[in-house]
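First up is the structure itself, then whatever we jot down about it.
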There are 2 protein chains.
Amino acid sequence: MSTSTQQNSKAAHLSFALAQMNTNVGAIEQNKQTILSFARRAHDRGARVVVFPEMTLSGYPIEDLAFRATFRTAAEQAAEDIARSLQEEGCGDLFVVLGTVGTAHMERVEEGGAHDDRPTNTLLVLHEGQILHTYDKQFLPNYGVFDEFRIFTPGHDTLTMEVDGYRLGFAICEDIWQDDGPAAQLASADLDVLVTINGSPFEEGKESVREQLCQRRASEVGAPVIYVNQVGGQDDLVFDGSSFVVDASGEVVARLKAFEEDLRVWTLGADGATVGATVRSSADGSDGSDGAFVLASDPLAPVLDADEKVYTACVLGLKDYMRKNGFKGVVLGLSGGIDSALVAAMAADAVGGENVWGVSMPSMYSSDGSKDDASDLAERLGAHYDIQPIEPLFAAFQNQLALTGVAEENLQARMRGVIVMAYSNAHGLLAVATGNKSELACGYSTIYGDAVGGYAPIKDLLKTRVWQLARWRNARAGLGGELLGRPVSSVPPIPENSITKAPSAELRPGQKDSDSLPEYALLDAVLEAYIEKAHGRADLLADGFDEATVDTVMRLVDRAEWKRRQYPLGPKVTALAFGRDRRLPVTNAFRE
Amino acid sequence: MSTSTQQNSKAAHLSFALAQMNTNVGAIEQNKQTILSFARRAHDRGARVVVFPEMTLSGYPIEDLAFRATFRTAAEQAAEDIARSLQEEGCGDLFVVLGTVGTAHMERVEEGGAHDDRPTNTLLVLHEGQILHTYDKQFLPNYGVFDEFRIFTPGHDTLTMEVDGYRLGFAICEDIWQDDGPAAQLASADLDVLVTINGSPFEEGKESVREQLCQRRASEVGAPVIYVNQVGGQDDLVFDGSSFVVDASGEVVARLKAFEEDLRVWTLGADGATVGATVRSSADGSDGSDGAFVLASDPLAPVLDADEKVYTACVLGLKDYMRKNGFKGVVLGLSGGIDSALVAAMAADAVGGENVWGVSMPSMYSSDGSKDDASDLAERLGAHYDIQPIEPLFAAFQNQLALTGVAEENLQARMRGVIVMAYSNAHGLLAVATGNKSELACGYSTIYGDAVGGYAPIKDLLKTRVWQLARWRNARAGLGGELLGRPVSSVPPIPENSITKAPSAELRPGQKDSDSLPEYALLDAVLEAYIEKAHGRADLLADGFDEATVDTVMRLVDRAEWKRRQYPLGPKVTALAFGRDRRLPVTNAFRE
C-alpha cells in the first residue's frame, strides 16, 4: 500500500470538482487543453480536488494504441505539461486526479527481467507542478466490449492520500465492480472518501446499477464514494457521463448531467455530511480553512426519462462519430418508412437538418404514399432532398442479368446502395445505414444494399422501440428547449403516416415485413430473450414462446449472425494480417 | 501436481501415434467420429499412446462458443462416448490424449464460492473406457489473434503419468512458449517425454521457431518433446500441422506433413533414442513388451519450399472455408490482371476449375489484352466464363448522377460488385475478393466495389509476393503430382501476359497503379517495415526510406486502416448490441 505520510488536522470541509469530460481517443494535445480548461474552472470555483474520468489524457478505450511507444511517450509528456502549466498559472495547489496510460513498470522491467510490452491503466494525482502519486488499475475487464487483458498489465497496490486532513482512497472503474477490489482492501483504512474514475458505457438501466454498486462500496469503506464517468461517443460505444456522489449512508448527494460535459462541485464536511449551502468558514482559520467562503455543493442535475436517454444516446453516438472523424454531413436513403425517418431525425438533431442529405430512391413497387412521406420528412427537418428513381438502373442490370426471386430483390437494394455511396463520395458525406436491430438480427437486410454505410445509428434498437422513440421525439417537439445544445423546433419531425403504416421493404408488389417475419411485438420479445438474455432453445420454450416461432427466429438469427461476420476474411500467412498492433479504434486522433 | 501412482518397470519401447487432425469448430459429433477413426488407425498400427491437437473435440478457436452451456455439455458427453466406444471396440488399452473444453472447475465452484462462467482449455487422457486424467492449460495467450483470457480460466496444476514405466508430462500450446511453464515446472520430474498439444496458426518461418522452442524445452526436461499441431483453415487462420518430435539432444526425429491430415508413429526406446527400424522385442516379454514386433518410427515427411507453403496455405484457407461453411463454388471478377488470375488459380486448386465462375466485366477503359487474358485464364482452369460489360450499367447511373473523379471511378468498381453479388445470390456461390495486401493496406480499392466478397484469399500477400507465387504456380504445373490431394495439370494456369504487364485498375484512360502508389518493390518494402515490424516514422527513416515515400505510405495506410473499420458501427444502447456471447466464429458448426 502506498500512503502519503502527511498528517494534518482535518479542515472543516473539502471541496471536490467532478469534471465530466468528453475525451477524444488519441488526441492527447486536445485532451490536455480540455483538462487544463476544466481544471482552471475547478480552481476558480475554489475546489481543492478535481476528478476526471478514466484514461482522460489518452481517451478510452484505446485498444492496440496501447502498444505504440510514441503514443505512450506523448501521454507521459502531456501529464507533466499539465502539472507544470497549472503550477505556472497559480493553480498548483489544486489536486488533479486524472487517468492516463502508464509506463512506470516498463522502466523498472527494462533494468532487468522479462519484458512486458503492455502499459498500465493509471490514475495520476498532480499537485504543485509534480506527479504526486500514481495508482494502477488492479482489475482489468476482459468480457463483453472490454479487452483490457490484451493491452494492459494489472497493478497490485492500493493508494491513499491525505488532503487537508481528509483521507482519500482511489479506484479505477472495474476495481469497484469486484468484491475483492480497493473498497475491500481499504475497508479498514479509515477513508473519508473513495474517489473512482470511470469509463462506463451506457446501457439502459445501468445508472441505477452503478448507484447501487457505489452504495455498497460506500458502506464497506464507511465513507462517500465519488463516481466520475466519461461522456461522449467513441466508435460503437456511448458514454453517458451521469457522474454522481453517494454518501456513507447511500444517499445520492451529487449528480451530473447525462450525455453532456458537465462540471459540478461537491463539498464534504468534516462530519462526513454534504455541505449543501454557502457558509462562511471560521475567519481565523482555526478550522484549517483560509477563512474564505466555503463552497456549497451544486444542485443535482435532473434524471432523463427512459426514451429520452436512449434517443439522446443514439444522437450523441452519431454526433461524436462525425465530429471526431471529421464528417460535416450525412447522406441516407429516405424510403418513407419509420426506420429512415427516425435516423434522419436523429441526424438532424446531431448536426442540423441543413447537413442532412435525404435521397428518395423509389422503385416500381414504391407506393405514392411512401414518396410523399419521404418528402414531407425532409421538409420538416429542413434537409436536402433528392429523388433518384432506381427503375432505369434496375432495368439496365436486368437487361443483362435477368435475375429472379431474392437475387432480384437484392438487386433493387444494391442500386440504392450504389446511389448512397455516390453521394457520399461526391460530397464527402457520411453514409448512414438505417437498419434496426430486429431486421439486422434476422438478416432482413441486403449486404451492400440497404446495409451500406459507415455508421448505423439504430442498429441496437428493436423495431418496437423504433416506433416508441419516433412517438417520443414527435411529442418532444412540443416542449421546446434544447437537445444536446441544439434548439428543438416545435415541428414534430416524423410524418404520422410513417409511424402508423404497416412496415414493408417494397421490393415486390404488396410485400409486407410480416410475410417473412413474425409480427414485430412477438419477434422483438423472442429476440430480447434469445439475444440479450442468451436464452437457449429450452429456455425460450419455457418462456412460453411457441416452438415454430422459436425455431424460425433462432434459424434467422444464427444465419444472419454468420452472414454478418463473413467479410472481410482471408488467411493470415505472412504474419499477422495487418500487423500486431493494428487493432485500433476507428475514431482515433493519434498520429505518429 | 497431479501424478499417477503406478510404478512399472520400463518397457523396451513406447510407441506414440501423432494424429494431426483437421478439426471443425462446433462440429462435436463430426470431430468425435474423426477422432475415433484416427484412434483406431493408431491402435491398428500398435501405438500405445495417440496424441491429438489442442481442443480436438470442440475445434479451435471457439471464441464465445465457450460460454454456451449446451456446447460444453455436448463436448463433455462426446469425450465419454469416445472412451466407451474404444473400450467396446477392444481399443481400450490405447492411451488417447486429446483436447477439449473443460468444465470440471465449474462444478466445484457451483457447490459454493464465486461463479466463473469461463471453462478451461483442457487436455484429457482417455484409457480403458474412462477419462483417466485431465490437465488444464495454465498460460492463456491474449495477444495477436488470441483472446483466451476472455473465454477461458487458467489451470494451476501440472500433470505427469506413467505408461509402461515411461513418465509422460503434458502441456498445451502457450504453456511451452512461457519460460515458467510446464517444462520448467517438470524439469526435475524425471520425464521420459513431454507431450504437447497445439493449435498454432501458420506464419511464414514459424516452423523453425517452434522447433527451436521445443529444442529448448527438450533440453530443460532432458527428454524428447512431442509437438502435435492441428491442420486446416478456420475463418482467417490457417493451421499448417507440421507436427514433429525433437529428442533430448534437439534432433528432429519425427515430422508430419504440412497442410494435410497425417498420422505417423514415433517409437521411443528405453535409452531415450528413437527406434528407427522394425525390430522384434524379446520374445519372453522380459522387457515389458508383449513379444510382438516393435513399431518402427515412420519416415519424416518432406519440408515444403517457402513459396509452396504460402501458396498452399492460401488454397487450404479457401478450401476449408468453403467446405466448413457449405459452399460448393466461387464467383469472382476476372480483369485479366495478376490478382484475379492468382485467386482464380487458387480457387481451382481448392475446389476444381469446374466450380469456379469467372466473370469478365470490361469497361470502356478495359484493353483488349485484358479481355483476352481473362478468357485465356478461364480456359486454362476449365472454369465457367461469362462476359458482362459494365458500360450500359455505368451509363444508366451516369445519366442520373453525372459523377466525376474518384466518385466516377468507384462507380465502375461498384457496377462490378453488384454483378458479382448477383451471381453469388442467383447460384449460391461464394463471392471472393481479389485484393492483395499492398492495395488493401493503401486503400487502393473500392468499398462495395472490388472489395465485395465473403473471403479474400490473398489479402495477406504483398503485390510482389503475388507475382512470385504466380510464377511458382506456373512452374509447379510442370512437376505433376498432387496439390492438397488434387492432381496438378501440366498446363500453367496463369497467362504469362498477366504476370508481365504493368498493373492497372483500368478505371480511366491509360491509368497505371504507379500513378497513385510508389513502385511496388519500394512500396512493399515500406509496408513490410511499417505493418509487419511496426516501425514508426523515425524507424522507417532510419531504415533508409526517403521521407516523401514514408509520409505517403503512412498517410495511405492510416487512412485505409480507418476506412476498413468504419462499417458496421453504431451505438450500443439497450445492452450489448448482439448479446454477451455473440462473438462467434464464422465457421461454426454448433447448433443448439
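Hydrogens, waters and symmetry mates play no part in the numbers below; they use all other heavy atoms, side chains included.
Chosen from E408(B), Q388(B), K206(B), K309(B), the residue pairing most often with chain A at heavy-atom distances under 4.5 Å is Q388(B). No other option in L393(B), I151(B), N425(B), L316(B) has as many heavy-atom pairs under 4.5 Å with chain A as L393(B).
Neither the backbone nor the side chain of P141(B) comes within contact range of chain A; no heavy atom of the residue lies under 4.5 Å from a heavy atom of that chain. Neither the backbone nor the side chain of P201(B) comes within less than 4.5 Å of any heavy atom in chain A. With a 4.5 angstrom heavy-atom cutoff, F397(B) touches chain A via backbone and side-chain atoms both.
To the nearest 0.5 Å, atoms CG (N142(A)) and CG (D147(B)) are separated by 7.5 Å. For the atom pair CG of D64(A) and OH of Y143(B), the computed distance is 14.0 Å after rounding to the nearest 0.5 Å. Expressed to the nearest 0.5 Å, how far CD of Q400(B) lies from CE of M361(A) amounts to 11.0 Å. Once rounded to the nearest 0.5 Å, the distance linking CD1 of I447(B) with OH of Y448(A) reads 8.5 Å.
The two residues P392(A) and A396(B) have their closest heavy-atom pair at O-CB, 4.3 Å.
The one candidate from N410(A), L401(A), L411(A) that meets the side chain to side chain contact (heavy atoms under 4.5 Å, CB included) condition with V418(B) is L411(A).
Heavy atoms from other residues, nucleotides or ligands lying under 6.0 Å from CD of E528(B) number 12 at most.
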Between R150(A) and F146(B), does a side chain to side chain contact (heavy atoms under 4.5 Å, CB included) hold up when you go through it step by step? CA-CA 9 Å; R150(A) 177 185 176 87; F146(B) 304 108; over 6 Å; no

